[in-house]
Amino acid sequence: MIESIFASSAADTTLTIWQAILTLVVAIVLGAIISITYMKTQSAYSTSFTLTMMVLPAIVAIIILLIGSNVARAFSLAGAFSIIRFRSAPGDSKDISYVLFSMAAGLAAGVGAFGYAVLFTIILCVLMYVLNQIRFGARKDAMKTLKVTIPENLGYEEAFDEVFRMHNVGYELRKVKTTELGSLYEVVYSIKMGPSTDQKALLDDIRTRNGNLDITLTMNPAVQEY
């Protein structure tokens with residue numbers, strides 16, 4: 001009985017309407033479980049991303065059903081998907097892992113391994129929820145993101161070293177990009193403030209150094225999207 005539940009029906013190349021409906025129902029249910037888990041483990045999320053994870057397993061399952069064992073179809077679909085360009089930038093590594101998770105669930109449903117699809121989905125969702133609850137890998141020291149606009153004549157590599165040392169601030173240069181047709185630089189630091197650091201005094205000293213251009217200090221700890 002158990003082996004029959006976990007057996008794959010991929011060997012059966014004949015696609016019936018009931019098999020297709022069952023596959024889609026299983027894929028949609030798995031997508032809903034994954035999407036709900038994502039919402040429960042994220043403090044902030046976009047509606048479009050949760051909807052994407054809801055339908056992604058069903059889309060992958062449909063593709064697998066249509067391909068079957070036909071090699072020509074597989075190459076045709078690979079060529080079609082190679083020309084797709086996504087307009088939205090990828091999120092952080094956690095978002096990417098959920099996308100891969102959703103695709104794997106759809107793949108398992110598409111080949112008919114419903115038992116394995118449900119089992120692995122439940123195990124991974126429970127794992128992600130538990131890891132989120134125990135805050136696995138979370139830093140105990142709150143990191144902040146500091147964005148500073150500087151003129152092109154100010155060397156960005158050591159522009160604020162003295163200011164950071166004076167205010168007991170640990171820092172790491174994360175990103176540099178040009179703005180205003182190359183006349184300005186936007187420098188992004190990940191910083192850790194000491195217990196005695198005066199944020200206002202720090203920003204005032206940076207403002208004096210960068211000529212009163214834009215400064216942004218993000219208070220949320222951090223992995224930020226740039």
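At distances below 3.5 Å, not a single donor-acceptor pair connects side-chain atoms of S35 with backbone N or O atoms of G31. With hydrogens and angles disregarded, a donor-acceptor distance shorter than 3.5 Å links the side chain of N210 to the backbone of T149.
Here I36 contributes atom CD1 and M53 contributes atom CE; the two are 10.5 Å apart, rounded to the nearest 0.5 Å. To the nearest 0.5 Å, the span separating CG on L203 from CD on Q199 amounts to 7.0 Å. Expressed to the nearest 0.5 Å, how far NZ of K144 lies from OG1 of T216 amounts to 14.5 Å. How far CD1 of I28 is from CD1 of I59: 10.0 Å, rounded to the nearest 0.5 Å. Distance check: M39 CE to T41 OG1 gives 10.0 Å after rounding to the nearest 0.5 Å. Rounded to the nearest 0.5 angstrom, Y98 OH and Q42 CD are separated by 6.5 Å.
The aromatic ring centroids of Y171 and F160 lie 6.0 Å or more from each other.
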Q: Mind running side chain to side chain contact (heavy atoms under 4.5 Å, CB included) on Q19 and T23 for me, showing each step along the way?
A: CA-CA 6 Å; Q19 179 186 354; T23 299; 4.3 Å; yes
Q: Check the pair R174 / T145 against side chain to side chain contact (heavy atoms under 4.5 Å, CB included), numbers first and verdict last.
A: CA-CA 9 Å; R174 299 292 299 275; T145 300; over 6 Å; no
Q. Hey, mind stepping through V148 and Y185 against side chain to side chain contact (heavy atoms under 4.5 Å, CB included) and telling me if it holds?
A. CA-CA 8 Å; V148 185; Y185 286 96; over 6 Å; no
Q: Output, in order, the C-alpha distance, side-chain angles, deciding distance and verdict of side chain to side chain contact (heavy atoms under 4.5 Å, CB included) for T178 and E152.
A: CA-CA 9 Å; T178 59; E152 61 176 344; over 6 Å; no
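No side-chain heavy atom of L124 sits under 4.5 Å from any side-chain heavy atom of I34. Side-chain contact between D95 and V99 is absent, with no heavy atoms from C-beta onward closer than 4.5 Å. When side chains are defined from C-beta on, T37 does not count as touching F101, because their heavy atoms never get closer than 4.5 Å. In this structure the side chain of N132 never reaches within 4.5 angstrom of the side chain of M128, judged on heavy atoms. Residues I191 and H167 form no side-chain contact, since every pair of their non-hydrogen atoms from C-beta on lies 4.5 Å or further apart.
Of the options I206, V169, T218, a side-chain contact (heavy atoms from CB on, under 4.5 Å) to L146 is made by I206 and by none of the others.
Under the 4.5 Å side-chain heavy-atom criterion for grouping Ile, Leu, Val, Met, Phe, Trp and Tyr, I33 is connected to V25 within one hydrophobic cluster. Note on L154: it does not cluster hydrophobically with M166, by side-chain heavy-atom contacts below 4.5 Å among ILVMFWY residues. In the hydrophobic clustering of this structure, I123 does not group with Y129; members are Ile, Leu, Val, Met, Phe, Trp, Tyr whose side-chain heavy atoms approach within less than 4.5 Å, directly or through other members. Each of I62 and L51 belongs to its own hydrophobic cluster when Ile, Leu, Val, Met, Phe, Trp and Tyr are linked at side-chain heavy-atom distances under 4.5 angstrom.
Under the salt bridge (Lys or Arg N to Asp or Glu O under 4.0 Å) criterion, R209 pairs with E162, sequence neighbours left out.
What you find for A27 and A61 is that their closest heavy atoms are CB-CB, 4.0 Å. When all heavy atoms of V60 and G106 are compared, the pair lying nearest together is CG1-C, 3.8 Å. Of all non-hydrogen atoms in A117 and L30, the two that sit nearest each other are CB-CD1, 3.6 Å.
Between Y38 and S102, the side chains place no donor N or O within less than 3.5 Å of an acceptor N or O (distance only, hydrogens not considered).
Grouping Ile, Leu, Val, Met, Phe, Trp and Tyr residues whose side-chain heavy atoms lie under 4.5 Å apart, directly or via other members, places L184 in a hydrophobic cluster with L213.
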